[in-house]
Amino acid sequence: MQIIEGAKVAAQVLEECRQDIAQLASRGLKPGLAVILVGSDPASQAYVRSKDKKCKELGLHSVKLELPASTTQEELLAKVREFNADPAIHGILVQSPPPKHIDEAAVVRAIDPAKDVDGFHPVNVAKLALEDTSGFVPCTPLGCQRLLLAAGVETAGAKVVVVGRSMIVGKPMALLLMAKGVGGDATVTVAHSRTRDLPSLTRQADIIIAAIGRPEFIRKEHVREGAVVIDVGINRVDDSSSPKGYKLVGDVAYDEVAPLCKAITPVPGGVGPMTIAMLMANTVKACKLLHGAV
Ligand code: GUN
């Protein structure tokens with residue numbers, strides 16, 4: 001059984017970013033990322049902090065904007081428009097989920113598609129479906145695909161079951177894996193909460209992508225021997241023995257599933273570090289596309 005180490009693959013992605021950043025710097029260019037968080041959800045705060053930290057480590061321009069939960073739709077849209085017009089900013093990300101009174105889809109539509117490093121804007125969703133590589137692909141599925149490539153997992157002709165149909169992971173993951181070419185060409189099935197007899201479906205899979213958002217949902221009865229399992233879940237569950245009072249577990253019951261697998265990603269240390277690395281890569285790509293350096 002191979003443990004797919006996300007931190008190692010993420011370090012490779014970041015090294016590629018460093019080379020691009022140095023090239024851009026020689027032309028007087030520096031990629032910039034603006035991250036907007038509305039409200040004070042602790043997990044979202046932690047993600048936003050680590051995005052800002054990674055930008056600074058790489059020498060990217062980083063703007064972290066933390067707004068109160070009472071921020072209105074109009075105030076948020078005004079900030080997005082400001083960043084759209086700011087030549088020092090190449091990528092804009094509004095942390096999801098925002099508070100309930102915010103119309104998230106409208107906020108995403110307000111982001112300039114050329115700065116939509118999350119790949120959530122309808123133009124970028126369409127480009128992914130059209131296999132137009134000038135668009136941005138959401139960071140988490142892009143990171144999962146890169147992990148499969150790095151681990152030497154053949155996707156061409158493979159049966160993949162993606163469990164979860166979110167716009168952030170499940171849907172773009174399916175589109176990426178069914179696209180033509182390297183890291184694609186898979187036969188993809190998307191399962192979700194209304195899928196009948198999930199275990200019999202996932203047991204046919206060569207590759208399972210678990211993106212349901214429920215702790216330890218995928219158990220040994222879901223997995224055939226020799227399968228590859230990518231665990232996208234990052235769930236906080238109570239743990240009185242930890243100083244933080246919680247621990248992170250994936251969507252996969254790792255201890256019982258791992259022995260069956262050919263390869264599996266751990267939580268933490270699997271998909272998590274990849275998401276942020278791909279965000280950096282998308283921000284660098286946005287800067288390169290804008291300045292004609294691709
Ligand atoms: N919340 C969870 N994952 C993501 C992501 O990739 N981007 C944004 N903006 N919010 C998220």
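The model shown is predicted, which means the values in this text are computed figures rather than measured ones. Counting convention: from 1, in listed order, for ligands and their atoms alike.
No hydrogens or angles considered: nothing links the side chains of Gln23 and Lys288 as a donor-acceptor pair under 3.5 Å.
In this structure, Asp251 contributes its side chain and Arg214 its backbone to a donor-acceptor pair below 3.5 Å.
A salt bridge is defined here as a Lys NZ or Arg NE, NH1 or NH2 lying under 4.0 Å from an Asp or Glu carboxylate O, and Arg18 with Glu16 fails to meet this definition. Electrostatic pairing of Arg81 and Glu74 counts as a salt bridge here, judged by a charged N lying under 4.0 Å from a carboxylate O.
Here Asp239 contributes atom CG and Ser242 contributes atom OG; the two are 5.0 Å apart, rounded to the nearest 0.5 Å.
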Which protein N or O atoms sit under 3.5 Å from any N or O of ligand 1? Give each pair with its distance.
residue	atom	partner	partner atom	Å
ligand 1	1 (N)	Gln95	NE2	3.2
ligand 1	1 (N)	Ser96	O	2.9
ligand 1	7 (N)	Asp118	OD1	2.9
ligand 1	7 (N)	Asp118	OD2	3.3
ligand 1	9 (N)	Val94	O	2.9
ligand 1	9 (N)	Asp118	OD2	2.6
ligand 1	10 (N)	Ser96	N	3.0

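With a 6.0 Å cutoff to the six-membered ring centre and a 45° limit on the axis angle, Lys127 does not count as a cation-pi contact of Phe136.
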